[in-house]
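These numbers were taken from a predicted model, which means no experiment stands behind them. The residues of the chain are indexed from 1 along the displayed sequence.
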Amino acid sequence: MILKVIFAVIAAFFAGYGLITKNFEFQLYMMFFLSLTMLVMGLEEFRKEQKVMGWISIGAFFFVLFASLLVFFLN
């Protein structure tokens, strides 16, 4: 899917920005787009009838989304 590539590129951009500038204020957005990437990957795995990898990706989506929301509300 094209969404997986778009979300991954955006997450990589935010990660690269943080590494180069040592400014980690956009790390929340990087984690959010990483979680969306994992969601799309999980849906693709379900479409390919690989349910175990689909559930692992969906679980990773919820974990990263929860972590990013936690950071958002604590700051």
Side-chain angles (χ1 to χ4, degrees):
M1 281 185 156
I2 190 78
L3 284 176
K4 179 175 70 172
V5 174
I6 291 171
F7 292 149
V9 167
I10 293 171
F13 171 75
F14 284 126
Y17 175 79
L19 286 173
I20 291 170
T21 63
K22 304 290 191 245
N23 182 3
F24 300 110
E25 67 181 275
F26 295 115
Q27 187 174 16
L28 164 69
Y29 302 114
M30 185 257 321
M31 290 175 57
F32 177 71
F33 283 107
L34 179 65
S35 71
L36 291 178
T37 304
M38 295 305 294
L39 174 65
V40 173
M41 288 174 60
L43 295 176
E44 283 181 351
E45 293 298 324
F46 277 122
R47 187 178 298 175
K48 290 191 273 185
E49 300 291 328
Q50 296 178 346
K51 296 195 185 299
V52 174
M53 287 303 298
W55 283 115
I56 290 172
S57 296
I58 297 294
F61 158 71
F62 281 119
F63 177 74
V64 176
L65 182 67
F66 174 74
S68 67
L69 290 176
L70 190 68
V71 169
F72 177 72
F73 287 120
L74 288 179
N75 284 335

Spacing of [atom1] belonging to [X] relative to [atom2] belonging to [Y], to within rounding of 0.5 Å:
X: Leu28; Y: Leu74; atom1: CG; atom2: CG; result: 11.0 Å
X: Leu36; Y: Ile6; atom1: CG; atom2: CD1; result: 11.5 Å
X: Phe62; Y: Ser35; atom1: CZ; atom2: OG; result: 10.0 Å
X: Leu39; Y: Leu34; atom1: CG; atom2: CG; result: 11.5 Å
X: Ile10; Y: Phe26; atom1: CD1; atom2: CZ; result: 13.5 Å
X: Phe7; Y: Leu3; atom1: CZ; atom2: CG; result: 5.0 Å

A side-chain contact here means heavy atoms from C-beta on lying under 4.5 Å apart; do Phe46 and Trp55 qualify? yes
Do [X] and [Y] belong together in a cluster built from hydrophobic side chains that touch within less than 4.5 Å?
X: Phe24; Y: Phe72; answer: no
X: Phe33; Y: Val9; answer: no
X: Phe61; Y: Val52; answer: no
X: Val71; Y: Phe66; answer: no
X: Met53; Y: Met41; answer: no

Going by side chain to side chain donor-acceptor pair (under 3.5 Å), name the pairs with one or both residues in residues 3-15, residues two or more places apart or in two chains. Lys4-Glu44
Identify the two heavy atoms, one from [X] and one from [Y], that lie closest to each other, and give their separation to 0.1 Å.
X: Ser68; Y: Met31; value: N-CE, 3.6 Å
X: Gly42; Y: Ile58; value: CA-CD1, 4.2 Å
X: Ala60; Y: Met38; value: CB-CE, 3.6 Å

Kindly assign one of parallel, tilted or perpendicular to the pair Tyr29 and Phe14, based on the angle between their ring planes and the thresholds 30° and 60°. tilted
